[in-house]
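Just so it is clear, the model here is predicted, and its values are computed rather than measured. All values below were derived from every heavy atom in this structure, side-chain atoms included, with hydrogens, water molecules and symmetry-related copies excluded.
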Amino acid sequence: SKWQFKGQVIDGVLTQEAVYFIIRRQHFFKDAEGNDAVEFWYNMERIDLVTDDVRNELGHPVFLDALQISDDEPMSLRQGEVKKRFQGKWYRGYPYLQYYKFSPFYLRPRNAKTGETGGRLQLRRLTLNFDQTTSFHLTVETLGRETRGIFFQGRVLGDVRNIIGKVPVVDGKRTFPLLGSSESITVSIRNDSVFDARFQSGYWEGVYHNRARRF
């Protein structure tokens with residue numbers, strides 16, 4: 001995993017229960033005379049490794065750097081900050097991106113150490129298994145065709161957890177169409193929301209052709 005903060009990490013400490021960071025941030029603005037100015041400040045941030053107080057209270061975590069919680073709506077957001085309201089309280093902080101790009105899809109016969117590259121693999125669909133997930137974007141880029149984006153927002157029709165006014169946190173699987181040759185398709189997952197997305201596994205379906213036989 002790679003963690004990239006919108007700021008400079010000055011120091012960090014790891015304990016059995018949490019990771020603590022001191023992060024230096026900056027904010028560019030115009031002063032009263034209209035001149036360019038910059039403001040610096042420091043945040044001490046904590047990543048819980050055992051429990052999550054926000055998850056226990058809301059039923060889901062809120063993923064924002066420099067997270068602050070208040071009863072009143074924040075009015076003076078710094079550059080890059082966002083605000084969200086859940087159950088009567090306001091949450092503010094800096095959003096960050098969760099991103100995964102699949103390696104190229106190849107057919108690998110049983111007990112083989114390398115993939116079959118002498119034929120054509122025509123991909124049909126990709127199935128993802130997820131847990132405690134609210135939303136994510138799946139992007140399919142096909143060479144010579146337009147990029148397709150599919151948004152999963154956790155609300156499944158007929159699911160008892162799909163309640164109006166409540167953020168859905170679901171587990172299960174979802175199938176997405178690929179429809180193209182493996183050599184021309186790139187698939188990635190992106191989650192830039194404040195909610196969680198956990199992926200356990202995935203598998204693809206397709207048809208492989210070569211001159212000798214068909215799988």
Asks: Is there a donor-acceptor contact under 3.5 Å from the side chain of Arg124 to the main chain of Trp204?
Replies: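 It does not hold such a pair.
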Asks: Which of parallel (below 30°), tilted (30 to 60°) and perpendicular (above 60°) describes Phe86 and His60?
Replies: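 Perpendicular, since the angle between the ring planes exceeds 60°.
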Asks: Test your reading of the model: is there a side-chain donor-acceptor pair from Glu45 to the backbone of Ile23, 3.5 Å cut-off?
Replies: no
Asks: Does Glu141 reach the main-chain N or O of Thr147 with its side chain, forming a donor-acceptor pair under 3.5 Å?
Replies: no
Asks: When rounded to the nearest 0.5 angstrom, what is the spacing between CG in Leu138 and CZ in Arg174?
Replies: 9.5 Å
Asks: Taking C-beta and beyond as the side chain, do Asn43 and Phe21 meet within less than 4.5 Å on heavy atoms?
Replies: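 No, their side chains stay 4.5 Å or more apart.
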Asks: Is it true that Thr127 and Thr175 share a donor-acceptor pair across their side chains at a distance under 3.5 Å?
Replies: yes
Asks: Centre of Tyr94's six-membered ring, under 6.0 Å away, within 45 degrees of the axis: is that where NZ or CZ of Arg25 sits?
Replies: yes
Asks: With hydrophobic residues grouped by side-chain heavy-atom distances under 4.5 Å, do Ile47 and Met44 end up in a single group?
Replies: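 Per the 4.5 Å side-chain linkage, Ile47 and Met44 are not co-clustered.
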Asks: To check you understand the geometry: which heavy-atom pair defines the closest contact between Arg145 and Gly180, and what is its length?
Replies: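 Residues Arg145 and Gly180, closest heavy atoms: NH1-CA, 4.4 Å.
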Asks: Tell me whether the count of non-hydrogen atoms from other residues, nucleotides or ligands lying under 6.0 Å of CG in Asn35 goes above 12.
Replies: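 Yes, enclosed.
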Asks: State whether Glu205 and Arg125 are salt-bridged, where the test is any N-O pair (Lys NZ or Arg NE/NH1/NH2 against Asp/Glu carboxylate O) under 4.0 Å.
Replies: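 Between Arg125 and Glu205 there is a salt bridge, with a charged N closer than 4.0 Å to a carboxylate O.
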Asks: Side-chain heavy atoms nearer than 4.5 Å, only ILVMFWY residues, links allowed to pass through others: does that put Val140 and Phe102 together?
Replies: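 Shared cluster, yes.
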Asks: Kindly assign one of parallel, tilted or perpendicular to the pair His27 and Phe29, based on the angle between their ring planes and the thresholds 30° and 60°.
Replies: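 His27 and Phe29: parallel rings.
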Asks: Asn191 and Ser193: which non-hydrogen atoms are nearest, and at how many Å?
Replies: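 For Asn191 and Ser193, the tightest heavy-atom pair comes out as OD1-OG, 2.8 Å.
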Asks: Centres of the Tyr100 and Phe199 rings: under 6.0 Å?
Replies: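 Between Phe199 and Tyr100, which both carry aromatic rings, the centre distance is not below 6.0 Å.
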Asks: For Val62 and Leu67, which heavy atoms make the closest approach, and how far apart are they?
Replies: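 Closest heavy-atom pair between Val62 and Leu67: O-CD2, 4.1 Å.
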Asks: How close do Asp196 and Pro61 get, heavy atom to heavy atom, and via which atoms?
Replies: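 Between these two residues, the closest heavy atoms are CB-CG, 4.0 Å.
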Asks: Do you know the tightest heavy-atom contact between Ile150 and Pro177?
Replies: CD1-CD, 4.1 Å
Asks: Quick one: side chains of residues 76-85, donor-acceptor pairs under 3.5 Å with protein atoms, not counting sequence neighbours, listed by atom name and distance.
Replies:
unit_1	atom_1	unit_2	atom_2	d
Glu81	OE1	Arg78	N	2.7
Glu81	OE1	Arg92	NH2	2.6
Glu81	OE2	Arg92	NE	3.3
Glu81	OE2	Arg92	NH2	3.4
Lys83	NZ	Glu73	OE2	2.7
Lys83	NZ	Pro74	O	3.3

Asks: Drop me the distance from Phe195's CZ to Leu58's CG, to the nearest 0.5 angstrom.
Replies: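 Interatomic distance, Phe195 CZ to Leu58 CG, rounded to 0.5 Å: 9.5 Å.
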